[in-house]
Trainee: 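Below is one structure. I have some questions about it.
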Amino acid sequence: MKYEAQAFGAVRQIELKREGVQIGERLLDFADVSLMRPVNHRIFIEMLGGETVEISMLGFSYDGFWEELMQKFSDRSMEALFAEEAPLMKCEGEYQFGSEHGRGLIVLMPDAVCILPQNCHAVRIPLCFASDITLKGYQLSITLESGGRYTVGKMGYDTKPFAERCIKASQDVKLRRSRMLSKHEVRPPFTEKGLFRTAQTDEYYLAAVKNGRCAVELFTHDDSATYLYRYQEEDSVFACRLREAMEAIGSRREIIYISDEQLAEKPLFRMALARCDAVSFLRGKSAGRLIHNAGHSRVLSEFLEG
């Protein structure tokens, strides 16, 4: 829908698009948005670069504009989280993780819980890695194997049904992943096996994690390549972050290896990195990529042996 409102010092036509807010000839890409907030019938859009854009004089269209703006932003955030399955439940509720807290949209997926605030800190919590899910009063706490802890709640009458479905979804996805992983074998020099999203039944990866060096082999329908990483963390810590990152990227595996220059041209991927610490962590440890050729095995062994 198109609106008329005051922005950039003049009355302009504004259109809310899938990828952002079109104000006249300028597009405010959601990838560059830090925060959106309504104040006294005006809407302020704070950009990551420090600029604040004010939209006012919406008149009777104000409520509808804000509602559509938040819907578009939430939908785009879900795209950036690569959350593609049909939601099981959507609720308005409170959230807290790290220093982030507030109220926003909480979405239960078959394999994850997504928190969608009015800022750039949306997150997807993979239920396959949940070590504990506990409902206490009106607050549901989800703790991951990596130690990450998330709290959602105060959803009114939806709180208990949400918690029950969340626990059931976690149990189901863990069982499915276990069955699927059992079909794949770990073979030298690799030490670990893993899946991307649980729904991707025929795609998996093998990883060698040892003494500050890691090699990851993707088994997909694309051309084969091996991705190398160096790290200073304990092997178990890196392996845990690796599992979270590989699960998070789903079918968008190019996000782990494209250059920063290529990344700058892909707004959705920039949004994804801003919303997933594990993927940012993995990209930051990159040590190159090996194409499969005659010397692949030798170069891989030399890298892993240091």
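Counting from 1, the numbers follow the sequence of the chain as shown.
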Trainee: Which distance, rounded to the nearest 0.5 Å, do you find between the OG of Ser286 and the CG of Asp260?
Mentor: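 Reported value, rounded in 0.5 Å steps: 9.5 Å.
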Trainee: Could you give the distance from CG (Leu181) to CD (Glu192), rounded to the nearest 0.5 Å?
Mentor: 10.5 Å
Trainee: Verify the distance criterion only: is there a donor paired with an acceptor across the side chains of Thr226 and Glu217 at less than 3.5 Å?
Mentor: yes
Trainee: Does one hydrophobic cluster hold both Ile255 and Tyr205, with members joined at side-chain heavy-atom distances below 4.5 Å?
Mentor: yes
Trainee: Given the rule that I, L, V, M, F, W and Y join up when any side-chain heavy atoms are under 4.5 Å apart, are Leu81 and Leu105 in one cluster?
Mentor: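 In one cluster: yes.
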Trainee: Which residues satisfy the side chain to side chain contact (heavy atoms under 4.5 Å, CB included) test with Glu234, sequence neighbours excluded?
Mentor: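 Side chain to side chain contact (heavy atoms under 4.5 Å, CB included) check on Glu234 returns Ser236, Val237.
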Trainee: Taking all non-hydrogen atoms of both residues, which atom of Ala80 and which atom of Ala272 are closest, and how far apart?
Mentor: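 Looking at all heavy atoms of both residues, the closest pair is O-CB, 3.1 Å.
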Trainee: Take atom CE in Met57; do more than 12 heavy atoms of anything else shown fall under 6.0 Å from it?
Mentor: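 Counting neighbours around CE of Met57, 12 or fewer heavy atoms of other residues, nucleotides or ligands fall under 6.0 Å, so no.
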Trainee: For the hydrophobic clusters of this structure (ILVMFWY residues joined by side-chain heavy atoms under 4.5 Å, transitively), does one cluster hold both Phe65 and Val33?
Mentor: yes
Trainee: Closest approach of Leu58 and Ala5, non-hydrogen atoms and distance?
Mentor: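 That closest heavy-atom pairing would be CD2-CB, 3.6 Å.
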Trainee: Say whether Ile167 and Ile106 are linked into one hydrophobic cluster, either directly or through other cluster members, by side-chain heavy-atom distances under 4.5 angstrom.
Mentor: yes
Trainee: Between Glu84 and Arg197, does any side-chain N to carboxylate O distance fall below 4.0 Å?
Mentor: no
Trainee: Would you say NE2 of His292 has more than 12 non-hydrogen atoms from neighbouring residues, nucleotides or ligands within 6.0 angstrom?
Mentor: yes
Trainee: Roughly how far apart are Glu265 CD and Ser259 OG, rounded to 0.5 Å?
Mentor: 8.0 Å
Trainee: The test is side-chain contact (heavy atoms from CB on, under 4.5 Å); show your working for Glu68 and Tyr3 and say whether it passes.
Mentor: CA-CA 11 Å; Glu68 185 181 356; Tyr3 302 84; 2.5 Å; yes
Trainee: Give a yes or no on whether Phe97 atom CZ has more than 12 heavy-atom contacts from other residues, nucleotides or ligands under 6.0 Å away.
Mentor: yes
Trainee: I'd like to check Ile133 versus Leu127 (side-chain heavy atoms, cut-off strictly below 4.5 Å). Are they in contact?
Mentor: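 The answer is yes; the side chains approach within 4.5 Å.
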Trainee: Taking all non-hydrogen atoms of both residues into account, name the closest pair between Leu144 and Pro126 and its distance.
Mentor: CD2-O, 3.7 Å
Trainee: Any idea which heavy atoms bring Val209 and Thr191 closest together, and the distance?
Mentor: N-OG1, 3.2 Å
Trainee: Which donor-acceptor pairs under 3.5 Å do the side chains of residues 298-306 make with protein atoms, sequence neighbours left out?
Mentor:
| unit_1 | atom_1 | unit_2 | atom_2 | d |
| --- | --- | --- | --- | --- |
| Arg298 | NH1 | Glu302 | OE2 | 3.4 |
| Ser301 | OG | Ser297 | O | 3.0 |

Trainee: Does a sphere of radius 6.0 Å around CZ in Arg283 hold more than 12 heavy atoms from other residues, nucleotides or ligands, not counting ones at 6.0 Å or beyond?
Mentor: yes
Trainee: Do Lys266 and Ile258 come within less than 4.5 Å of each other through their side chains, counting heavy atoms only?
Mentor: yes
Trainee: State whether Phe196 and Arg253 meet the cation-pi test: NZ (Lys) or CZ (Arg) under 6.0 Å from the six-membered ring centroid, and within 45° of the perpendicular axis.
Mentor: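 Yes, Arg253 sits over the ring of Phe196.
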Trainee: Please name all residues satisfying side chain to side chain contact (heavy atoms under 4.5 Å, CB included) with Ser280, sequence neighbours left out, ordered by chain then number.
Mentor: Leu273
Trainee: I'd like to know if Arg270 and Asp32 make a salt bridge, using a cut-off of under 4.0 Å between side-chain N and carboxylate O.
Mentor: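 Yes.
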Trainee: Below 4.5 Å, heavy atoms only, C-beta onward: do Phe219 and His184 meet side chain to side chain?
Mentor: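 When only atoms from C-beta onward are counted, His184 and Phe219 do not touch, as no gap falls below 4.5 Å.
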Trainee: Do Met155 and Met89 make a side-chain contact, defined as non-hydrogen atoms from C-beta onward lying under 4.5 Å apart?
Mentor: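 Contact flag for Met155/Met89 side chains = no.
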Trainee: Taking atom NZ of Lys193 as the centre, does the number of heavy atoms from other residues, nucleotides or ligands within less than 6.0 Å exceed 12?
Mentor: yes
Trainee: Atom OG1 in Thr198, atom CD in Glu247: separation rounded to 0.5 Å?
Mentor: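 CD of Glu247 is found 6.5 Å from OG1 of Thr198.
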Trainee: Parallel, tilted or perpendicular: which describes the rings of Tyr229 and Phe238, with under 30° parallel and over 60° perpendicular?
Mentor: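 The rings of Tyr229 and Phe238 sit tilted, inter-plane angle from 30° to 60°.
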Trainee: Determine, stepwise, if the pair Glu254 / Gln262 fulfils side-chain contact (heavy atoms from CB on, under 4.5 Å).
Mentor: CA-CA 10 Å; Glu254 64 269 33; Gln262 291 173 308; over 6 Å; no
Trainee: Might you point out which heavy atoms bring Glu244 and Ser146 nearest each other, and give the distance in Å?
Mentor: OE2-OG, 2.6 Å
Trainee: Atom CZ in Arg124, atom CD1 in Ile115: separation rounded to 0.5 Å?
Mentor: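 The CD1 atom of Ile115 is 12.5 Å from CZ of Arg124, to the nearest 0.5 Å.
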Trainee: Let me check something: do Leu35 and Met47 share a hydrophobic cluster, defined by ILVMFWY side-chain heavy atoms less than 4.5 Å apart, either directly or through other members?
Mentor: no
Trainee: Are Tyr95 and Tyr150 close enough, and set up right, to give a ring pair (Phe, Tyr, Trp, His ring centres under 6.0 Å), and what steps lead you there?
Mentor: CA-CA 7 Å; Tyr95 63 87; Tyr150 304 82; over 10 Å; no
Trainee: Between Ser141 and Lys136, does the side-chain contact (heavy atoms from CB on, under 4.5 Å) criterion hold? Intermediate values first, please.
Mentor: CA-CA 8 Å; Ser141 296; Lys136 186 175 181 180; over 6 Å; no
Trainee: Do the side chains of Arg275 and Ser77 get nearer than 4.5 Å, heavy atoms only?
Mentor: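 Yes, their side chains come closer than 4.5 Å.
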Trainee: Heavy-atom distance under 4.5 Å between the side chains of Ser74 and Val107, does that happen here?
Mentor: no
Trainee: With Asp277, which residues qualify under side chain to side chain contact (heavy atoms under 4.5 Å, CB included), at least two apart?
Mentor: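 Residues passing side chain to side chain contact (heavy atoms under 4.5 Å, CB included) with Asp277: Arg241.
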Trainee: Looking at SG of Cys276 and CG of Leu282, how far apart are the two atoms once the value is rounded to the nearest 0.5 Å?
Mentor: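 Cys276 atom SG to Leu282 atom CG measures 9.5 Å (nearest 0.5 Å).
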Trainee: Salt bridge check, Glu145 against Lys174: does any charged N sit closer than 4.0 Å to a carboxylate O?
Mentor: no
Trainee: Flag yes if more than 12 heavy atoms outside Arg179 fall under 6.0 Å of its CZ atom; otherwise flag no.
Mentor: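 Result for CZ/Arg179: open.
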Trainee: Is Thr220 reaching over with its side chain to a backbone N or O of Glu203, donor-acceptor style, under 3.5 angstrom?
Mentor: no
Trainee: Judged by modelled atom types alone, do Ser56 and His41 share a side-chain donor-acceptor pair under 3.5 Å?
Mentor: no
Trainee: Donor-acceptor pairs under 3.5 Å, side chain of residues 7-20 to any protein atom, not counting sequence neighbours: which ones?
Mentor:
| unit_1 | atom_1 | unit_2 | atom_2 | d |
| --- | --- | --- | --- | --- |
| Arg12 | NE | Ala7 | O | 2.8 |
| Arg12 | NH2 | Phe8 | O | 3.2 |
| Lys17 | NZ | Gln22 | OE1 | 3.4 |
| Arg18 | NE | Glu79 | OE1 | 3.4 |
| Arg18 | NE | Glu79 | OE2 | 2.9 |
| Arg18 | NH2 | Glu79 | OE1 | 2.5 |

Trainee: For the pair Phe73 and Val21, evaluate side-chain contact (heavy atoms from CB on, under 4.5 Å) and give the outcome as yes or no after the intermediate values.
Mentor: CA-CA 9 Å; Phe73 186 63; Val21 183; over 6 Å; no
Trainee: Testing the basics here: between Phe30 and Met271, what is the closest heavy-atom pair and its distance to 0.1 Å?
Mentor: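 Here Phe30 and Met271 meet closest at C-SD, 4.0 Å.
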Trainee: Side chains of Pro110 and Leu88: closer than 4.5 Å at any heavy-atom pair?
Mentor: yes
Trainee: Could you tell me whether the side chain of Cys240 reaches within less than 4.5 Å of the side chain of Phe129, counting heavy atoms only?
Mentor: no
Trainee: Can you name the residues that form a side chain to side chain contact (heavy atoms under 4.5 Å, CB included) with Thr52, not counting sequence neighbours?
Mentor: Phe44, Glu46
Trainee: Using a strict cut-off of less than 4.0 Å between a Lys/Arg side-chain nitrogen and an Asp/Glu carboxylate oxygen, indicate whether Arg165 and Asp172 qualify as a salt bridge.
Mentor: no
